[in-house]
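Lettering of chains follows the sequences in order, A, B, ..., and the numbering in each one begins at 1.
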Amino acid sequence: NAGVTQTPKFQVLKTGQSMTLQCAQDMNHNSMYWYRQDPGMGLRLIYYSASEGTTDKGEVPNGYNVSRLNKREFSLRLESAAPSQTSVYFCASEGGAGNTEAFFGQGTRLTVV
Amino acid sequence: GQQVMQIPQYQHVQEGEDFTTYCNSSTTLSNIQWYKQRPGGHPVFLIQLVKSGEVKKQKRLTFQFGEAKKNSSLHITATQTTDVGTYFCAGRKSNDYKLSFGAGTTVTVRA
């Protein structure tokens with residue numbers, strides 16, 4: 001039982017390049033999240049998906065797109081990376097009843113140069 | 001901005017001392033959760049509080065949810081080196097299932 005799996009763990013991009021961060025969970029959870037973590041800023045919500053096929057913007061969605069094609073997977077895409085997107089990205093999932101704990105992936109450390 | 005504010009941002013504690021971290025929201029929360037992130041790790045769930053005025057304990061950790069369900073606190077007694085890490089609170093508004101995190105309190109311990 002892997003829980004929440006994120007790939008890749010580390011990535012270096014040049015400004016303007018694109019990439020997709022992958023996230024998959026095997027707990028049959030409805031809700032999935034993408035957060036970014038920056039020093040002193042805590043975890044800021046980028047996008048949220050309450051169920052397969054639905055997505056909502058969080059606090060900091062600009063520069064990102066997401067896709068929830070099935071219940072297991074929730075991907076985050078950077079179309080044109082900027083240095084301001086250098087961060088640690090966490091994917092999380094939870095049952096979705098509004099009162100369940102969130103499980104986090106190991107994180108992706110992204111550097112944009 | 002973040003709907004949940006957390007203070008202090010940093011807490012430097014002598015081993016054996018107690019400390020408290022606070023979480024405040026401008027809106028009523030349906031529930032609040034606390035997570036711990038060890039250095040280099042990912043956040044891990046500690047506890048959830050749902051009821052107004054609720055108090056829960058986990059060994060040396062005491063969690064409280066305010067009467068108005070707008071604030072919460074985490075109190076750690078007799079701090080140990082294993083308590084090092086960042087503690088986050090995370091809340092949900094009553095009409096929104098999204099989980100919003102505070103900025104966290106990063107705890108360091110002096111032996």
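For B:Gln6, no part lies near chain A; criterion is any non-hydrogen pair under 4.5 Å. Of the atoms belonging to A:Tyr33, it is side-chain heavy atoms, and not backbone ones, that fall under 4.5 Å from chain B. Looking at A:Phe103, there are no atoms closer than 4.5 Å to chain B (heavy atoms on both sides), in backbone or side chain.
In this structure, the separation between CD on A:Gln6 and NE2 on B:His42 is 9.5 Å, given to the nearest 0.5 Å. The CD atom of A:Glu101 lies 11.0 Å from the CD1 atom of B:Ile47; values are rounded to the nearest 0.5 Å.
Side-chain heavy atoms closer than 4.5 Å link hydrophobic residues (I, L, V, M, F, W, Y) into clusters, and following such links, even through other members, never connects B:Leu49 to B:Tyr22. Under the 4.5 Å side-chain heavy-atom criterion for Ile, Leu, Val, Met, Phe, Trp and Tyr, A:Val66 and A:Leu110 are members of the same hydrophobic cluster. Side-chain heavy atoms closer than 4.5 Å link hydrophobic residues (I, L, V, M, F, W, Y) into clusters, and following such links, even through other members, never connects A:Phe74 to A:Val88. Hydrophobic cluster membership differs between A:Leu76 and A:Tyr48, with clusters built from Ile, Leu, Val, Met, Phe, Trp and Tyr side chains linked at under 4.5 angstrom. In the hydrophobic cluster analysis, where Ile, Leu, Val, Met, Phe, Trp and Tyr join through side-chain heavy atoms closer than 4.5 angstrom, B:Leu74 is grouped together with B:Val13.
In plain terms, the two heavy atoms of B:Ala103 and A:Gly40 that are nearest each other are CB-O, 4.0 Å. In terms of heavy-atom proximity, A:Phe90 sits nearest to B:Pro43 at CE2-CD, 4.1 Å. Nearest heavy atoms, A:Thr100 versus B:Arg92: O-NH2, 3.0 Å.
Not a single donor-acceptor pair under 3.5 Å links the side chain of A:Tyr35 to the backbone N or O of B:Phe101.
The shortest distance between side-chain heavy atoms of B:Phe88 and A:Gln37 falls below 4.5 Å.
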